[in-house]
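Just follow the structure's listing: the first ligand is 1, and inside any ligand the first atom is 1.
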Amino acid sequence: FKSASKKCHVFLPHLVASLEVEETYIMIKPDGVQRGLVGEIISRFERKGFQLTGLKLFQCPKELAQEHYKDLQSKPFFPKLVDYITSGPVVCMAWEGVGVVASARKLIGVTNPLNAEPGTIRGDLAVQTGRNVVHGSDSPENGKREIALWFKEGELCEWTPVQEPWLKE
Ligand code: ADP
């Protein structure tokens with residue numbers, strides 16, 4: 001049984017809730033900012049119980065967008081994606097918490113907003129893959145990589161939320 005659950009973790013990581021404290025990079029894309037959804041989107045992560053450790057409004061240079069999405073550079077939509085991400089300011093955020101990487105992806109919903117479940121950010125607030133309002137890291141490794149890419153030293157805050165005893169046993 002033990003090895004079966006291990007296998008499950010290997011093949012279906014998105015279905016297995018992590019018990020590790022992780023960090024993830026969440027970004028409200030230019031359409032989310034332009035449409036006035038910043039407060040709504042931040043609220044969803046706050047209300048879930050995750051901890052905000054970095055936050056800034058930022059006009060992304062082309063090179064940074066290319067680096068952030070470098071795994072997709074061979075895709076036909078890559079130039080369009082870079083144009084989209086650099087088309088206006090984004091809100092860069094670092095969030096910390098137990099299992100935050102996969103949980104944030106669940107809160108965000110799948111890539112195509114028309115397939116995203118109601119109740120998710122994309123399911124509730126967007127209609128097109130190329131205008132899907134928010135980004136979330138897809139693994140703890142990418143969470144660390146992306147936070148290091150988007151935030152400079154000194155821009156992140158370590159702090160203890162007063163509500164912690166009411167969130168964790
Ligand atoms: P996700 O953001 O859900 O992790 P991907 O990593 O596959 O999704 O893609 C990154 C981003 O690239 C998507 O959020 C979306 O903005 C854009 N994208 C993905 N596929 C397409 C597509 N077929 N056409 C246009 N944009 C796309």
Side-chain angles (χ1 to χ4, degrees), residues 8-18 20 22-48 50 52-151:
C8 181
H9 189 77
V10 170
F11 295 114
L12 301 167
H14 57 289
L15 295 180
V16 180
S18 162
E20 304 288 321
E22 300 166 342
E23 40 188 4
T24 192
Y25 177 67
I26 303 293
M27 176 168 69
I28 305 174
K29 297 178 178 181
D31 49 334
V33 176
Q34 289 287 354
R35 292 176 54 207
L37 298 173
V38 170
E40 162 83 33
I41 292 171
I42 293 177
S43 283
R44 292 188 180 213
F45 295 98
E46 273 190 319
R47 283 156 58 204
K48 176 71 177 171
F50 293 128
L52 187 63
T53 56
L55 173 69
K56 66 179 178 188
L57 185 70
F58 181 64
Q59 176 60 54
C60 171
K62 199 169 179 164
E63 300 71 39
L64 179 56
Q66 287 166 337
E67 177 63 24
H68 174 80
Y69 282 122
K70 68 178 178 193
D71 290 350
L72 299 174
Q73 63 192 4
S74 62
K75 303 279 183 196
F77 59 81
F78 184 72
K80 222 174 57 170
L81 174 58
V82 171
D83 284 349
Y84 164 43
I85 295 303
T86 57
S87 63
V90 294
V91 173
C92 309
M93 292 181 278
W95 288 90
E96 189 181 293
V98 172
V100 70
V101 172
S103 180
R105 299 269 296 179
K106 280 194 180 170
L107 292 175
I108 289 169
V110 297
T111 309
N112 181 341
L114 292 182
N115 295 331
E117 292 295 321
T120 64
I121 295 169
R122 288 170 174 166
D124 288 348
L125 304 174
V127 288
Q128 273 211 325
T129 301
R131 294 288 184 271
N132 60 4
V133 302
V134 66
H135 164 83
S137 309
D138 62 4
S139 67
E141 297 69 38
N142 274 335
K144 284 191 195 313
R145 176 184 86 90
E146 292 169 6
I147 288 170
L149 196 60
W150 289 85
F151 287 97

query = Between W95 and F45, does a ring-ring contact (aromatic ring centres under 6.0 Å, His included) hold up when you go through it step by step?
reply = CA-CA 8 Å; W95 288 90; F45 295 98; 5.6 Å; yes
ask   = Only one of V91, I41, I85 clears side-chain contact (heavy atoms from CB on, under 4.5 Å) with M27; which?
value = I85
Identity and separation of the nearest protein heavy atom to atom 20 (N) of ligand 1 = F77 CZ, 3.2 Å
note = Residue, atom and distance of the protein heavy atom nearest atom 1 (P) of ligand 1 read T111 OG1, 3.5 Å
ask   = Quick one: are P140 and E20 in side-chain contact, heavy atoms under 4.5 Å?
value = no
query = Against heavy atoms of Y69, which atoms of ligand 1 measure under 4.0 Å?
reply = 10 (C)
request  = Using a 4.0 Å heavy-atom threshold (strictly under), name the region of R105 that reaches ligand 1: side chain, backbone, both or neither.
outcome  = side chain
message = Can you confirm, on distance only, whether ligand 1 has an N/O atom lying under 3.5 Å from any N/O atom belonging to T129?
response = yes
task = Please state which part of I108 comes within less than 4.0 Å of ligand 1, counting heavy atoms only: side chain, backbone, both or neither.
result = neither
key: More than 12 heavy atoms from other groups under 6.0 Å of CD on E117   = no
query = Taking heavy atoms and a distance under 4.0 Å, where does K75 meet ligand 1: side chain, backbone, both or neither?
reply = neither
key: ligand 1 contacted by K29 (non-hydrogen, < 4.0 Å)   = yes
remark   = Candidates L81, V82, N132; heavy atom nearest atom 13 (C) of ligand 1 found on N132
ask   = Any side-chain donor-acceptor pair under 3.5 Å between E146 and S137?
value = yes
query = If you count the non-hydrogen atoms of other residues, nucleotides and ligands that lie under 6.0 Å from NZ in K80, is the total more than 12?
reply = no
query = So W150 and H68, would you call those rings parallel, tilted or perpendicular, with 30° and 60° as cut-offs?
reply = perpendicular
query = Donor-acceptor pair, Q59 side chain versus T86 backbone, under 3.5 Å?
reply = yes
inquiry  = Minimum distance, heavy atoms only, to atom 9 (O) of ligand 1: which one of N112, D31, L72 is it?
reply    = L72
task = State whether the shortest distance between N or O atoms of K80 and N or O atoms of ligand 1 falls below 3.5 angstrom.
result = no
query = Has ligand 1 got any nitrogen or oxygen that is less than 3.5 angstrom from a nitrogen or oxygen of R122?
reply = yes
